[in-house]
Chemist: 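Below you'll find the structure I mean.
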Amino acid sequence: MDKIKCPTLVIGSEGDKLLPASCSREIAEKIGCELYLYGEEYGHCVFDEAPDYKQRLLDFFNK
């Protein structure tokens with residue numbers, strides 16, 4: 001992961017039981033990138049569950 005140099009956004013969820021939020025935090029820390037964590041109300045399929053997910057991606061790509 002230390003070879004990743006491009007802007008990166010890690011998105012996770014506190015409610016994800018497959019890839020816990022602690023893993024998302026660790027990945028973002030190792031890459032040195034932006035991190036956004038949704039709350040407990042969303043699980044592993046946050047990309048299907050969170051209504052603002054696509055807008056969050058667009059905002060990141062438009063920076």
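In what follows, residues are counted from 1 in the order of the sequence shown. Values below: every heavy atom of this structure, side chains too, minus hydrogens, waters and symmetry copies. Since the model is a prediction, treat every value here as computed from it, not as a measurement.
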Chemist: Are Phe61 and Ile31 connected in the hydrophobic side-chain network, where two residues link if heavy atoms are under 4.5 Å apart?
Modeler: no
Chemist: Evaluate the side-chain proximity of Leu9 to Cys33: yes if any heavy-atom separation is below 4.5 Å, no if none is.
Modeler: no
Chemist: May I ask whether Ile11 and Ile27 are part of the same hydrophobic cluster, defined by side-chain heavy atoms of I, L, V, M, F, W, Y residues being less than 4.5 angstrom apart, directly or through others?
Modeler: no
Chemist: Would Leu19 end up clustered with Tyr42 when hydrophobic side chains under 4.5 Å apart are linked, directly or stepwise?
Modeler: no
Chemist: Around atom CD of Glu29, are there more than 12 heavy atoms of other residues, nucleotides or ligands at under 6.0 Å?
Modeler: no
Chemist: Does the Ser13 side chain pair with the main chain of Gly39, one donor and one acceptor, at a distance under 3.5 Å?
Modeler: yes
Chemist: Hydrophobic clusters here meaning ILVMFWY residues chained together by side-chain heavy-atom distances under 4.5 Å, can you tell me if Phe47 and Phe60 are in one?
Modeler: yes
Chemist: Would Glu14 and Arg25 pass as an ion pair if we require N to O under 4.0 Å?
Modeler: yes
Chemist: Indicate yes or no: does Glu26 engage Lys30 in a salt bridge with an N to O separation below 4.0 Å.
Modeler: yes
Chemist: How long is the span from the CG atom in Leu57 to the NZ atom in Lys54, to the nearest 0.5 Å?
Modeler: 9.5 Å
Chemist: Would you compute the distance between atom CD of Glu40 and atom CG of Asp16 and round it to the nearest 0.5 angstrom?
Modeler: 10.5 Å
Chemist: Report yes or no: do Val10 and Leu37 belong to one cluster of Ile/Leu/Val/Met/Phe/Trp/Tyr joined by side chain heavy-atom distances under 4.5 Å?
Modeler: yes
Chemist: Are a donor atom and an acceptor atom from the side chains of Asp52 and Tyr38 found within less than 3.5 Å of each other?
Modeler: yes
Chemist: Quick one: does any side-chain atom of Glu34 pair with a main-chain N or O of Thr8 as donor and acceptor, under 3.5 Å?
Modeler: no
